[in-house]
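Note that ligands are numbered from 1 as they come in the structure, with each ligand's atoms numbered from 1 the same way. As the structure is a computational prediction, the values presented were derived from the model and not from experiment.
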Amino acid sequence: MPRALVTGGAGFLGSHLCDRLLAEGFEVVAMDNLITGSTDNIAHLIDNPRFRFIKYDVTEYIYLDGPLDFVFHLASPASPADFTTKPIQISKVNSLGTHRALGVARAKNATFFLASTSEIYGDPLVHPQTEEYLGNVNCIGIRGVYDEAKRFAESMTMAYHRTHGINVKIVRIFNTYGPRMRLDDGRVVPNFIGQALRGEPITVYGDGSQTRSFCYCSDLIEGFYRLALSQETGPINIGNPTERTILEFAQEIKRLTNSRSEIVFKPLLTPDDPRQRRPDITKARTLLGWEPKVSLEEGLRQTIAYFQKRIEAGYRR
Ligand code: UDP
């Protein structure tokens, strides 16, 4: 039975990855310090004998008994709202935490899988973004704690690959959404859906002309799994190229929730908010035979249903 460590295993994407690995017959160890992850996301797995959860900060030395075939390094706060409230934790988990996770992979001769991000392209001057684009990042800007640390993580991952010969895979994740995002996470999907469902104003930051391309979580996890089992190192973009302006996105959510909320404009949270973002997924298509399957409308309906239940049950997060 293959065995995997998932850092950030109680997070939004980490918990979906644990589900998928268990369904594929893996034994899974999830680690998470729960600063943004939640045991709610893995409560359904606790009785599974092939699943183990360890509350742990992966910036500390990682001890783990037994063999490992994969180390999936997903731990990191990822919302721009966290960039101002948890900047040091973000810098640390993506630098020191990546070093620890690489160390475990090396010690166990496991494949190391890095969850990198479209943020490494910064405020991109090339559109759509191909993996060859080197990016436009302000390393001392507010987003720099995340963008630059992820760039460092990619660089150290390649250093371990070249120096120690360990098998590595780098995925660059574009905006992903779905059930198990935190209602109060501050990102656009939970914000807009939460506001629309509660009848509160929908807060568009800036003039709403900036664009994003949203990928549903099950599509993303399928891309992860294909990359993990492939011969590819990457980096490979995984995302949905369906691009919308943020204003269009607000209108779409208002429509799908039948909400009477008004759309209001607020200042940008960070001055270096990327103006546009859309993945070029040629590599994922040709090398992994992957492309997204879930339409924006279908994915949003699933996500709205999830948040509706959370709100009705009285959760604020
Ligand atoms: N955004 C917004 N209103 C919100 C939250 C976010 O208009 O309540 C905008 C944000 O300025 C950005 C886009 O939506 O342009 C996506 O933001 P998110 O925080 O989801 O992630 P990002 O793609 O910026 O990392």
Counting non-hydrogen protein atoms only, what is the nearest one to atom 17 (O) of ligand 1? Give residue, atom name and distance. Val188 CB, 4.0 Å

Parallel, tilted or perpendicular for Tyr146 and Phe83, by the 30°/60° rule? parallel

May I ask whether Phe192 has any heavy atom positioned less than 4.0 angstrom from an atom of ligand 1? yes

Evaluate Asn191 for polar contact with ligand 1, using N/O atom pairs at a separation under 3.5 Å. yes

Salt-bridge contact Lys309-Glu312 (side-chain N to carboxylate O under 4.0 Å): no

Could you check whether the rings of Phe214 and Phe249 sit parallel, tilted or perpendicular, using 30° and 60° as the cut-offs? parallel

Would you say Gln195 touches ligand 1, if touching means a heavy atom closer than 4.0 Å? no

To the nearest 0.1 Å, how far is atom 12 (C) of ligand 1 from its closest protein heavy atom, and which atom is that? Asp273 OD2, 3.3 Å

Can you tell me which residue and heavy atom of the protein come closest to atom 23 (O) of ligand 1, and the distance to 0.1 Å? Arg212 NE, 2.6 Å

So the atoms of ligand 1 within less than 4.0 Å of a heavy atom of Arg277 turn out to be 22 (P), 23 (O), 25 (O)

Could you pull out, from Phe249, Phe214, Tyr146, Tyr205, the option with a heavy atom nearest to atom 7 (O) of ligand 1? Tyr205

Non-hydrogen atom of Lys266 closer than 4.0 Å to ligand 1: no

Which residue owns the protein heavy atom closest to atom 9 (C) of ligand 1, what's the atom, and how far is it? Gln210 NE2, 4.0 Å

Please identify which atoms of ligand 1 are closer than 4.0 Å to at least one heavy atom of Val204. 7 (O)

Can you confirm whether more than 12 heavy atoms, excluding those of Leu134, are under 6.0 Å from its CG atom? no

Under 3.5 Å side-chain donor-acceptor pair for Arg143 and Asn138: no

Among protein heavy atoms, which lies nearest atom 3 (N) of ligand 1, and at what distance? Thr203 O, 2.6 Å

Near Glu119 (heavy-atom distance under 4.0 Å), the atoms of ligand 1 are 25 (O)

Are any of the heavy atoms in Gly186 under 4.0 Å away from ligand 1? yes

Within residues 13-31 or reaching into it, pairs that qualify as salt bridge (Lys or Arg N to Asp or Glu O under 4.0 Å) - sequence neighbours excluded: Arg3-Glu27, Asp19-Arg180, Arg20-Glu24, Arg20-Glu222

Under 4.0 Å, counting heavy atoms only: does Leu269 come that close to any atom of ligand 1? no

Cation over ring, Arg310 on Tyr315, under 6.0 Å and within 45°? yes

Residue Arg143 vicinity, atoms of ligand 1 by number, heavy atom under 4.0 Å: 22 (P), 24 (O), 25 (O)

What verdict does the salt bridge (Lys or Arg N to Asp or Glu O under 4.0 Å) test give for Glu248 and Arg212, after you've listed the backbone C-alpha separation in whole Å, the side-chain angles of each residue and the deciding distance to 0.1 Å? CA-CA 10 Å; Glu248 287 166 345; Arg212 293 294 185 273; over 6 Å; no

Any atoms of ligand 1 less than 4.0 Å from a non-hydrogen atom of Asn175? List them with their elements. 21 (O), 22 (P), 23 (O)

Please check if the side chain of Lys169 supplies one atom and the backbone of Ser230 the other of a donor-acceptor pair under 3.5 Å. yes

Parallel under 30°, tilted from 30 to 60°, perpendicular over 60°: which one fits the rings of Phe70 and Phe72? parallel

shortest atom 13 (C) of ligand 1-to-protein heavy-atom contact is with Ile246 CD1, 3.6 Å

Ion pair Glu297/Arg301, N-O distance below 4.0 Å: yes

Does ligand 1 have any atom that is closer than 4.0 Å to a heavy atom of Pro80? yes

Do you know which of Ile281, Leu287, Ile170, Thr282 makes side-chain contact (heavy atoms from CB on, under 4.5 Å) with Ile236? Leu287

